[in-house]
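Naming: A, B, ... by sequence-line order, numbering from 1 per chain. Computation of the quantities below employed the complete heavy-atom set of this structure, encompassing side-chain atoms and omitting hydrogens, waters and symmetry-equivalent molecules.
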Number of protein chains: 2
Amino acid sequence: MTSPGRTRAAGRPTLEQVAAEAGVSRGTVSRVVNGSLEVSTNTLHAVREAIEKLGYVPNQAARNLVTKRTDTVLLVVSEAEERVFGEPFFAGLVRGLGEELARTNLQLSLMLAGSDRQRERVERFARDGRVDGAVLISLHGADPLPGKLVAADIPVVLTGRPLSSESGMPFVDADNLSGAEAATDHLFRIGCRRIATITGPQDMAAGVDRLAGYRAALEFRRGGTGLVAHGDFGRASGERAMRELLERDDTIDGVFAASDLMAAGAMRVLREHGRRVPDDVAVVGFDDSDVARNTDPAMTSVSQPVRRMGNELARLLVTRIEQPDSVPGPVILPTGLVHRDSA
Amino acid sequence: MTSPGRTRAAGRPTLEQVAAEAGVSRGTVSRVVNGSLEVSTNTLHAVREAIEKLGYVPNQAARNLVTKRTDTVLLVVSEAEERVFGEPFFAGLVRGLGEELARTNLQLSLMLAGSDRQRERVERFARDGRVDGAVLISLHGADPLPGKLVAADIPVVLTGRPLSSESGMPFVDADNLSGAEAATDHLFRIGCRRIATITGPQDMAAGVDRLAGYRAALEFRRGGTGLVAHGDFGRASGERAMRELLERDDTIDGVFAASDLMAAGAMRVLREHGRRVPDDVAVVGFDDSDVARNTDPAMTSVSQPVRRMGNELARLLVTRIEQPDSVPGPVILPTGLVHRDSA
DNA sequence: ATGAAAGCGCTAACAT
DNA sequence: ATGTTAGCGCTTTCAT
């Protein structure tokens, strides 16, 4: 009880103790731990043995204090829990990030920022100096978070083109415009002439760009582009939008939805209304997620290389961290169209 | 360039500078920052002003070094990315955890441990002294991670009863047995007499207990309990299991699946085989997730209070952190049956 | 190749 | 109520 350690990390051996055990100085142990080459084989072994014997693990706080690095990067997702854990998009991204970061000694840590309160916490966490950099994803409109982090001198990379392009922050995005264009054009080519779209949120570039792609395709084909209903990428919004569209025009024969979830919702509503997919109405989604594979009929969908996007994000961030003055340009990755049975 | 700061956190004002600016000592500033009451109103104001003026933010590394606390707790999910971001179960849990932790000054950080490599990283991270405690979820079989963390003197709480109950670690779980029993009994009461089950992984208590519940219900009703096929909670495994079951016995008229995802897979296979749900075969799932609400017909499912489970996990962990010697007992929360159209 | 020593920025115990 | 001081455990010059 009165022993020298009531504190949590008590008893943990220190550099000092390892040094004593190995009969060398602190500095030498430090060199061994950090893989310096300027250590003789003999001492190297002695120190290693001592480390092993004592079960020494470097104290990060002490190390951070002097190096100013934390070897941790933060993934901030600006969505509510339900969204984050419902959208398969994030899975690929996280995997991609993890893969790439595994090559470095950076550890990935994830935090949600779906509410103001959470955003504030994330900001404080980052400003406290607990991370070397941050990847932000799913930013809406004029989220102040990226700006605040940059102001706090924290390297930041974004997922998805920021709406206000003045930001100048490096970002990675899928070619949403081309993807949407290809999807819409596909509907046209299989014979649809009354093609509607269900958009994503218009405060995100992904939402805006996919709508633009739809428009571009139809303008090129000289089709009408008026059948637009807005959604928020979520399933329920897709159902709502589809109902609205059907009410406005019941001759619709093709639908391009800006997310698989919305497309799935639309398919359900179409069925409720007695429309067969794809015979009466063809449907294309966006994301090529699990959802698309599991609708009935299986859904044709635009694929984005989420995993590669994660890879690129990691690379960009590492670059920013290692060369704070570099401003790597944006990375735009190509999308594809995966043909299944719904269109 | 030769200025005193090329390092990342360079130029950040320190306690010392704030003290100078406010004309007081370091100690006093520290007291203000940490909310000590023993400070006169005057100096309090002076210090606050100085902090404001200089934009001072305490350096966490320095603070951690002396306090031995990080104010961070880790949520470790022992699943692959695809799983984590596909199962809505996690959303509720994370939300519950966040809610409760928001009352404290603990920050939640999430890490995946789906591969050995990731598990190793997580272990190192925790042993490095970067977290005050950890919540582990989705443990399989004899995962060594919890033991290692405990050995490293890190407070740990588990989600789901550990299979080897000798561990003695505090945990939170849903009453899986009762839930499964209620689901199965419901099938019996609506007239099913050939009731099959699709189990979860048998290296997790949730899988084992739900199967036990199925058995208990049928034994009580004197029904046969032989129609068992194994799955892993995932959709594909549900499809596989359903096919297998139909091959073995095509008079099956009720199915209890240990997860919504598997139940959804089963429903699809049933439809493929020309069985109508619930008319020919009634189906009950487990989780009461979004998936259950979106099948056609909507799925009857066992609900677990995931959010409350998250709350309780946080409470347990906080207790463990604040009183390292306390060993709070397990918390088992009740499940319910949500009636929809599939049974 | 190695040791010695000067901090990194903060908290907390002790004085006053 | 406030100042003083001794570290927390580590990295990193600077000598040798």
Taking only residues two or more places apart in sequence or in another chain, which ones pass salt bridge (charged side-chain N to carboxylate O under 4.0 Å, His left out) with A:Arg95? B:Glu81, B:Glu82
By the salt bridge (charged side-chain N to carboxylate O under 4.0 Å, His left out) test, which pairs, at least two apart or in different chains, include something from residues 97-110 of chain B? B:Glu99-B:Arg307, B:Glu100-B:Arg103, B:Glu100-B:Arg315
Euclidean distance, atom CG of residue A:Leu15 to atom P of D:dC8 [Å, nearest integer]: 13 Å
What's the CD-C1' distance between A:Glu16 and D:dC8, to the nearest Å? 12 Å
How many angstroms lie between CG in B:Leu101 and CG in B:Leu317, if you round to the nearest 0.5 Å? 7.5 Å
Could you list, one pair per line, each protein nitrogen or oxygen that sits under 3.5 Å from a nitrogen or oxygen of nucleotides 4-6 of chain C, together with the distance?
from, atom 1, to, atom 2, distance (Å)
C:dA6, N6, A:Arg26, NH2, 3.1

Minimum heavy-atom separation for B:Gly147 to B:Met169, with atom names? N-CE, 3.9 Å
For A:Arg121, enumerate each residue passing the salt bridge (charged side-chain N to carboxylate O under 4.0 Å, His left out) test, keeping only those at least two apart in sequence or located in another chain. none
Axis-to-axis angle across the helix from C:dA1-D:dT16 to C:dT16-D:dA1, five pairs each end, nearest 10 degrees, ~ 30°
For A:Glu21, the side-chain hydrogen bond (donor to acceptor under 3.5 Å, both in side chains) test, sequence neighbours excluded, returns A:Lys53
Rounded to whole Å, the CG-P distance (B:Leu65 to D:dC8) equals 9 Å
Of the residues in residues 53-64 of chain A, which ones touch DNA chain C at a heavy-atom distance under 4.0 Å? none
Between A:Ser30 and D:dC10, is there a side-chain N or O to OP1/OP2 distance below 4.0 Å? no
Please output the side-chain donor-acceptor pairs of residues 35-46 of chain A that fall under 3.5 Å, not counting sequence neighbours, one pair per line with the distance.
from, atom 1, to, atom 2, distance (Å)
A:Ser36, OG, A:Glu38, N, 3.2
A:Ser40, OG, A:Thr43, N, 3.4
A:Ser40, OG, A:Thr43, OG1, 2.8
A:Thr43, OG1, A:Ser40, O, 2.9

According to a strict under-4.0 Å criterion, is A:Lys68 in side-chain N/O contact with OP1 or OP2 of D:dT11? no
Determine the contact category for B:Val24: base if any of its heavy atoms lies under 4.0 Å from a base atom, sugar-phosphate if only primed atoms, P, OP1 or OP2 are that close, otherwise nothing. sugar-phosphate
Just how far, in rounded Å, is P of C:dT11 from CZ of B:Arg69? 13 Å
Sorted by chain and residue number, the ring-ring contact (aromatic ring centres under 6.0 Å, His included) partners of A:Phe85 (sequence neighbours excluded) come out as B:Phe85
Close residues, residues 39-51 of chain B, relative to DNA chain D [heavy-atom separation under 4.0 Å]: B:Val39, B:Ser40, B:Thr43
For A:Arg130, enumerate each residue passing the salt bridge (charged side-chain N to carboxylate O under 4.0 Å, His left out) test, keeping only those at least two apart in sequence or located in another chain. A:Asp128
Indicate yes or no for a side-chain donor-acceptor contact from A:Ser138 to the backbone of A:Val77 under 3.5 Å, with no hydrogens or angles considered. no
For B:Glu49, enumerate each residue passing the salt bridge (charged side-chain N to carboxylate O under 4.0 Å, His left out) test, keeping only those at least two apart in sequence or located in another chain. none
Shortest non-hydrogen contact between B:Thr159 and B:Leu313, atoms and distance: OG1-CD1, 3.3 Å
Correct closest heavy-atom pair for A:Val32 and A:Arg48 would be CG1-CG, 4.4 Å
Phosphate oxygens OP1/OP2 of C:dG3: is one of them under 4.0 Å from a side-chain N or O of A:Thr28? yes
